[in-house]
Amino acid sequence: MKKVVLLVLILGLARLSYGFHIVGGEIELIHLNGFIYNLNLIQYFDRAQTDNPAPDGSVTLYIYRNSDNTLVDIFTLPFISETPVEYTNDACIRDDLTTARIFYSSQVALDPSDYNQEEGYHAVWERCCRNEGIVNIINPRGTGSTYVLEFPAIMKNGEQFINSSPTLLPPLSDFACVDQLYYADFQGVDFDGDSLVYSLARPLNSSSTAPVPFPPAPRSEHFGVTFSSGVDLENIVPGEPSLSITNNGFLTVKPRNPGLYVFSVIVQEFRDGIEIGKVTRDFQLLSVDGCDPPDPPVAVIQLPGDPTLFEEEASVDFMVAEEKCFEFIIGNLGPTENASVRLIPINFEGGVNFNMLDNGFTFNEERISGDSSIFTICVPECPLLLDEPYIIDVIAQDDACPLPQQDTVRLTVNVEPPPNRKPFFRSIANERLSISVNENDLFTRVFNGDDLDLDSVSFVLLGPDGNDPADIGITFNINNEADGTVSGEFIWNADCTIADFTSENTFELTLLLEDDDICNVPGDTLFLDLELVLPFNSNPEVTSDLAS
């Protein structure tokens, strides 16, 4: 009898701990200092299901080697916080879509002797099971979730390799409507400045139907969920168009049917063109029927001195002396709807999170009638790209539910920069200069720079591979400065006690000459090819007077 009671109790606890309430999340590994990291697990938690249990007090993550799937570390992360996921528009709140962000975190020390394999490592967390109402996979109640973070070795070629995984990946905060365009920005942040590339992926099942598989399977044993009939990676949320994501993380879909859909996004991390890591994040999208389709705004651009209203695309050339503004007119607004404007760069950096105020754009709005607003937008005085026009999508949006409706006009802008003549190195005709110095010698050379506009000018010396030139005994001192001219002395103390020149004795440095012009146009560049000449060193002769 005791055995039966115990079994019932275990099954009851297992039922309570199933993860039907978890609707998405990902793993993060953030470098702090030395070999100390923050290891984080983020869960998105369904708070609309009132019979769900509270979040777990802790979660356990497992780290494996990629090369042979050997378990390296086990870390338990405590619960840290719960915060609500906000809707884009609070007026669109639905009782059946209430999501919380659950955050688990711990500072962990990674042993460099355990994390030095070139193939890298992966962290895994698993949980069963998924929401019963998911419509694009088979048997969701018997299908688990697996989150995976792949990250590089923390030691490479005997030196520490510092990296943090992508972070601040936004959640889905809104619902989609059948036959209406849904969009979301999944773009995250990389603290190291690495490039991030986004793509859709089949969600991963767990390795067990137990509430908490122990331990989870390594990466090579992960397998995907089973899609429902008619669903595949190209049609993971069926629609016209079906769910897709751009390389820079902009998600779009116009769902054909109502339902709860699960999908995964892979975020690949590249440094110098080489993939160094990857995070797989899970999420669910709710599509509902019966939405009142809002009338989208209608936007046009009117250029200075031109009565034409451009609906699709326009091009404008701004000269130096003229005001650099145009009118962006948004019509078809309801009497209580508010209009706003976004800019998205097309042929220069910025992405969907581009902030026009931080990048020199200004604008003001005037409501000109009951259903229209006019925005006067002024572009920066300096061109955003040198020697070519820049292209921006000017987007009008209202505040309709569940998401703002949009209209876009593409604008090509060519800005004539203020006149400026580049500074130049005096008496140096080529862009490269070769310098040879004997070991332990002291080499000096004076460099002069001039600017015909009489702008103030300055030197910047960049060491080999971005390192400090002082590491190889080089200093650069400014002798004198005046309007339109500067003089500096290059000094190389080729002392063998400063650096080990036997392992490397050739270096490329870059000497930049910059003028203080309005638009910060790059100045002149001189490449310095340095060679330290090592003395001849013959092999020692070994002799002996011992008889053979």
Side-chain angles (χ1 to χ4, degrees), residues 88-89 180-185 187 240-241 244-254 293-319 322-335 337-385 388-400 402-416:
T88 299
N89 185 347
Q180 293 184 31
L181 182 65
Y182 175 90
Y183 59 89
D185 173 21
Q187 191 174 65
E240 298 176 2
S244 64
I245 193 168
T246 64
N247 285 343
N248 61 0
F250 196 66
L251 192 85
T252 54
V253 64
K254 185 183 284 187
D295 293 327
V298 176
V300 295
I301 283 178
Q302 186 170 16
L303 302 175
D306 187 341
T308 307
L309 299 179
F310 297 93
E311 299 179 1
E312 301 293 335
E313 58 183 3
S315 180
V316 60
D317 295 328
F318 288 119
M319 301 298 103
E322 66 180 321
E323 188 179 30
K324 299 173 177 58
C325 302
F326 63 92
E327 291 184 345
F328 188 58
I329 304 168
I330 304 175
N332 205 31
L333 299 172
E337 286 183 337
N338 296 308
S340 59
V341 177
R342 288 195 306 134
L343 301 184
I344 295 183
I346 301 303
N347 63 336
F348 63 100
E349 293 185 358
V352 294
N353 291 322
F354 183 78
N355 187 314
M356 58 182 177
L357 296 180
D358 290 344
N359 288 274
F361 291 84
T362 63
F363 72 99
N364 63 71
E365 178 189 9
E366 178 186 356
R367 190 86 175 200
I368 56 175
S369 69
D371 68 346
S372 299
S373 283
I374 181 169
F375 289 80
T376 300
I377 301 176
C378 299
V379 307
E381 287 290 325
C382 295
L384 299 181
L385 292 175
E388 65 175 304
Y390 62 86
I391 303 171
I392 52 175
D393 276 350
V394 189
I395 300 176
Q397 61 183 36
D398 58 21
D399 55 359
L403 283 171
Q405 299 294 293
Q406 299 182 341
D407 192 23
T408 301
V409 184
R410 177 160 292 186
L411 180 64
T412 300
V413 182
N414 190 31
V415 174
E416 181 185 21

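Note that these values count all heavy atoms, side chains included, but never hydrogens, waters or copies made by symmetry. Every value quoted in this text rests on a predicted model; they were computed, and no experiment measured them.
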Is there side-chain contact between [X] and [Y], with heavy atoms separated by less than 4.5 Å?
{"X": "Phe310", "Y": "Val300", "answer": "no"}
{"X": "Val394", "Y": "Ile377", "answer": "yes"}
{"X": "Asp398", "Y": "Pro404", "answer": "yes"}
{"X": "Ile392", "Y": "Phe361", "answer": "yes"}
{"X": "Ser372", "Y": "Leu333", "answer": "no"}
{"X": "Glu312", "Y": "Arg410", "answer": "no"}
{"X": "Gln180", "Y": "Gln405", "answer": "yes"}
{"X": "Gln302", "Y": "Ile329", "answer": "yes"}

Closest non-hydrogen atom pair, [X] against [Y]:
{"X": "Ala396", "Y": "Ala299", "result": "CB-CB, 3.7 Å"}
{"X": "Glu322", "Y": "Met319", "result": "OE2-N, 2.6 Å"}
{"X": "Leu385", "Y": "Pro389", "result": "CD1-O, 3.6 Å"}
{"X": "Gly305", "Y": "Pro307", "result": "O-CD, 4.1 Å"}
{"X": "Glu388", "Y": "Asn347", "result": "OE1-ND2, 4.1 Å"}
{"X": "Ile330", "Y": "Ser340", "result": "CD1-O, 3.9 Å"}

Glu381: which residues meet the salt bridge (Lys or Arg N to Asp or Glu O under 4.0 Å) condition with it, sequence neighbours left out?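 For Glu381, the residues satisfying salt bridge (Lys or Arg N to Asp or Glu O under 4.0 Å) (neighbours in sequence not counted) are Lys324.
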Checking side chain to side chain contact (heavy atoms under 4.5 Å, CB included) for the pair Val415/Val379: CA distance, chi angles, key distance, verdict? CA-CA 9 Å; Val415 174; Val379 307; 4.2 Å; yes
Test Leu411 against every option in Tyr390, Phe328, Phe326 by the side-chain contact (heavy atoms from CB on, under 4.5 Å) rule and name the one that passes.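 Answer after filtering Tyr390, Phe328, Phe326: Phe326.
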Between Thr376 and Glu327, is any side-chain donor less than 3.5 angstrom from a side-chain acceptor?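 Result is no, nothing qualifies.
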Rounded at 0.5 Å granularity, tell me how far [atom1] in [X] sits from [atom2] in [Y].
{"X": "Tyr183", "Y": "Leu251", "atom1": "OH", "atom2": "CG", "value": "12.5 Å"}
{"X": "Gln406", "Y": "Arg342", "atom1": "CD", "atom2": "CZ", "value": "5.0 Å"}
{"X": "Asp393", "Y": "Thr408", "atom1": "CG", "atom2": "OG1", "value": "5.5 Å"}
{"X": "Glu323", "Y": "Cys378", "atom1": "CD", "atom2": "SG", "value": "5.0 Å"}
{"X": "Asp306", "Y": "Leu303", "atom1": "CG", "atom2": "CG", "value": "6.0 Å"}
{"X": "Ile374", "Y": "Glu365", "atom1": "CD1", "atom2": "CD", "value": "10.5 Å"}

Neighbour count above 12 (heavy atom, 6.0 Å) for Glu416 CD: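 Yes, enclosed.
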Over 12 non-hydrogen atoms of neighbours within 6.0 angstrom of CD in Glu311: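 Counting other residues, nucleotides and ligands, CD of Glu311 stays at 12 neighbours or fewer.
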Look at the aromatic rings of Phe375 and Phe363 and report parallel, tilted or perpendicular, splitting at 30° and 60°.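 Taking Phe363 first and then Phe375, their aromatic rings sit tilted (interplane angle of 30° to 60°).
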Tell me, with the steps shown, if Gln397 and Asp407 meet side chain to side chain contact (heavy atoms under 4.5 Å, CB included). CA-CA 7 Å; Gln397 61 183 36; Asp407 192 23; over 6 Å; no
Might you work through the side chain to side chain contact (heavy atoms under 4.5 Å, CB included) test for Ile344 and Ile395, ending with a clear yes or no? CA-CA 8 Å; Ile344 295 183; Ile395 300 176; 3.5 Å; yes
